[in-house]
Amino acid sequence: MIRQLRTKWKHKRDLITIDHIVKEIRTNTDSNRYGDLFIQLFGFIRPRKQQLPNTNLKVLVETLKHDAAFRNGLQQMFLFLVHHREIETLFVKVGLLNSNSFTEELTKQLRHRILPPVPEKRSFNYLLEKTFNKKDDFEWVNAIGNEEWTAFFKLIQVSAQEISLPIRRQLNNALATISVKISYLGLEDEFRHYTKATKQETPPFLEQNRSVQNFIELLNDNSTSPNTIILAAENIREQIIHCEQIIEQIRKNTIRNGTSLKQSYVLLRTAQLLNRMRVIVRFLTPEYLSETAWEHTVIMFKGIIFGVNTRNSIGLLYTRNIEMLAYQIAEHKSESGEHYITTTRKEYVDFFYSAVAGGFIIAFAALVKALLHMIKMPLFWQYFCYGLNYAIAFVTLFVTGASLATKQPTMTASAMASGLDSKKNKGDISFRGLAMTFAKVWRSQFASFAGNLIVVFPMSYLIAVGWSYLTGDHLLHTAEESVQAMRDQNPLKSLAWFYASITGIALFISGLITGFFDNKAAYSSVANRITEHPQLKKYFPSQRLKRLGDYVSRNLGGIIGNICLGFMLGYASLIGSFFGIPFDIRHITISTAYFGFGVAGLDNQVSAYDWIWTTIGVIGIGFFNFAVSFSLAFFVALKSRSVSITKVPIVLRYIVRYFRRYPADFIFPPSKERREADVFDKKRKKEI
C-alpha cells in the first residue's frame, strides 16, 4: 500500500506543469498553502529524466516575464514565507562549518548521524529540507548556470521597503553573529602570526566588526540617507576583500611554511563566513549594491542547498579539510621527487652509482636478516628486530645519499602530478613536456633497478659463500631452506606478486609519512626551535645548533618515513600469521639477495626451472613494487591538486608517441637533451 502511494505521488509530481503552478499561485488565497506551493514550485524546476538541468527553469522564467499576476503572486508567496519563518539559522549555520575545530565538527556530525536533532518546523531551513529532500538535488541545482538562477531571483525579488522589521532584525542578528565569529577566528594563531609578520596595527578580521556594527546602527536609524548606507556597505565589502586576500596569502605561503589540519579548517571556516557576510549585506541593501552581488547570492543559494543535502556528510567534511594538508604532503614529496629524475648523462651515471651503493647496503641488511632468523626469540621481538634491521638499512641509504629503486616511485609520481597542476603552472599545462618528463622518470628508475640488482645478487652470493668458508656451514642451513628461499620468489609456487603489491602499498604509505613530517617540520619551525632551545644552547654553540636544526628540518620526513617503512616490512609476516591471512612482503632487492643466498646454499646446483622462474618472479616483484606505489602516489597527488584523472590518457598518448620515435631514451639519456619539437613535431621529423 505504501509503495502504491509513493508511486502515485511520484506520478503526480511528474505531471506538474507550468500551467498548474501558475493557476495554483495566481488563485491561491490561503497562506497556509504557501509551504506546499513552494515545494511544488521547485518540484517542477527539478529536471526529469533525460532533461537538461535548466529546461524547466527556463520555462518558469519566461512565464514570469510575461505574466505580471503570476510574478506578483510568487513574490507575495516568498515574502510571506520569509516573514513567517525563522531565517536566522539559515544564514548563520546552514552550509557552514560551525564548530571550533575539525575534531569537534566530526564528533558533532557522527552524533547527528546516529541521533538526528529535532527539526524546528517553523524555520525556513526545515522547509528547504522538505523541498530538496533528495540526496542529489544539489547536483542539478549546481548544474544550472549562475546567470539563469540570477534571472529567476531578480524576477521574484521584493523591494527593501517590503521587508518587515522582524526580518531585518533577524538579518541584523545573523550579520552581527557572523561578524563576531570572524573576529574570534581572526585571533587564532594562524592569522595572528601573519598580521604580526606584516606589522598590521588592526587586523581586518577585527576591523570588520566595527564596520558591521556601524552598518547595523545606520540601518536601524530611519533618518539615515541611502548614500550613507551605500558607503557603509562598501566599507564592509572592502574589509571582506582584505580578509580574503590574507587567507589566500596564507594558503600560498603554506608551500614554504607547511600547514596543519587545524589551519586548513580555520581558513576554510573563515572563508565561508566572509562569503556569507557578503550575501547578508546584499539582502539588507538590495537596491544599493552592484550587479556582482547577485552572483554571490546565487553562490550562497547553491551552497545552502549543498549544505542541506550533505549536512551530516562525514566524507565531505574530511575531503574539504584534508585537501590542503594532502596538497602540502604531495608538494613536499614532489620536491623530493625532482632529485630522483635525471636529465643529463652525468646525472644518470651518478644516479646509477648511488643505486650501486644502495645494493651494497641492502645485501648486508639481508645478511643481518638471515642471521636474526637463526636466533630464537619471542615472535614480537623477533619481528621487531627484523623491522629494526630494515629501518637502519633504509635510514643509512637515506643519509648516505644511496638510492633504493622502490623508494623513488612515490616521490617521482608527485613530481609528475605537479606538472598537471594548472594553479602551480599558471594555467599552462604542457602534455608534451609531461611525456618527456615521464621518459626521464622511467630511465632513472631503470638505472636505479639496474644499479641495485647488479650488486645485490653477486654480493649476496659472495657473502653466503664467504659465510660457509668462515663457519663451515651454509648461511641457509639446509637445502630445503635454500630451495624455499628461491621458490618464495616464484610466482607459480607462492603469492610473490601479490605480496609485492602489498609492499607497494607500504612504500606508498611511507612516502605519505615522509611528506607529512616534512610539512610538519616546516609548519612547526623545527629548525628555529632547535636553534633557540634553551637547554641545548648551554652545551652547544649557536652555529652548530643552527646546522643541526637545518639538517633535522630538511631530513626529518625522510628519516621517519624510512623507519616506518622498515617496521612495516618487518612486521608484515607476523600480521599474516597472527590473523591467518595471506599477508607478507616481497621487496625486489631483498628478494634478489635471498635468490643469491639460495644459489649459494645449493652449491650452484640449481635447476633450469628454478633459475628461470625465480628470475621472472624477481622481475615481476620489482614491477609490482613500482606499479602499485607509483599508481597510488600519482592518484593521490592528482586528487590533492584537484586535477581531473581524464587528463592522464592525453599524457599517455604523448608517451606512446615518444616511445615509438626514440625508445632508447627510456633506457639511457641522449647525448643532447631533446626538445619537444624534436619528438612531436612531424615537420621536424622530416627534416631529421
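No experiment lies behind these values; they were computed from the predicted model shown.
- A heavy-atom distance below 4.5 Å is not found between the side chains of Leu507 and Phe626.
- Judged purely by atom type and a 3.5 angstrom limit, Asn490 has no side-chain atom pairing as donor or acceptor with the backbone of Thr614.
- The aromatic rings of Phe567 and Phe384 sit tilted relative to each other, their planes meeting at an angle between 30° and 60°.
- Between the side chain of Ser468 and the backbone N or O of His474 there is no donor-acceptor pair closer than 3.5 Å.
- Looking at Arg443 and Asp665, their side chains come closer than 4.5 Å, going by heavy atoms from C-beta outward.
- Legend: salt bridge (Lys or Arg N to Asp or Glu O under 4.0 Å) pairs involving residues 600-624, not counting sequence neighbours, sorted by first then second residue: Arg487-Asp610.
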Step by step, work out the side chain to side chain contact (heavy atoms under 4.5 Å, CB included) result for Phe597 and Met486.
CA-CA 9 Å; Phe597 292 161; Met486 295 180 64; over 6 Å; no
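- Every pair tested for side-chain hydrogen bond (donor to acceptor under 3.5 Å, both in side chains) that includes a residue from residues 563-578 fails, sequence neighbours excluded, so the list is empty.
- Aromatic ring centres of Phe352 and Tyr348 lie farther apart than the 6.0 Å criterion allows.
- The ring-ring contact (aromatic ring centres under 6.0 Å, His included) check on Tyr461 picks up nothing, with sequence neighbours excluded.
- Electrostatic pairing of Asp350 and Lys346 counts as a salt bridge here, judged by a charged N lying under 4.0 Å from a carboxylate O.
- Side chain of Arg345 to main chain of Pro669: a donor-acceptor pair is present (N/O by atom type, distance under 3.5 Å, no hydrogens or angles).
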Report the C-alpha separation of Leu569 and Phe394 in whole Å, then their side-chain angles, then the decisive distance to 0.1 Å, and conclude whether the side chain to side chain contact (heavy atoms under 4.5 Å, CB included) test is met.
CA-CA 11 Å; Leu569 300 187; Phe394 294 148; 3.8 Å; yes
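- Checked against a 6.0 Å centroid threshold, the rings of Phe630 and Trp442 do not count as neighbours.
- In summary, the aromatic rings of Phe446 and Phe666 are positioned with their centroids too far apart to meet the 6.0 Å limit.
- In terms of modelled atom types and a separation under 3.5 Å, the side chain of Asn452 and the main chain of Ser403 share a donor-acceptor contact.
- Classified by interplanar angle (parallel below 30°, tilted 30° to 60°, perpendicular above 60°), the ring pair Tyr662/Tyr658 is perpendicular.
- The shortest side-chain heavy-atom distance between Thr514 and Ile560 does not fall under the 4.5 Å cut-off.
- Enclosure of atom OH in Tyr609 by more than 12 non-hydrogen atoms of other residues, nucleotides or ligands within 6.0 angstrom is indicated.
- Residues Ser542 and Lys537 are not in side-chain contact: their nearest non-hydrogen atoms beyond the backbone lie 4.5 Å or more apart.
- When atom types are taken as modelled, the side chain of Thr503 and the backbone of Ile585 share no donor-acceptor pair closer than 3.5 angstrom.
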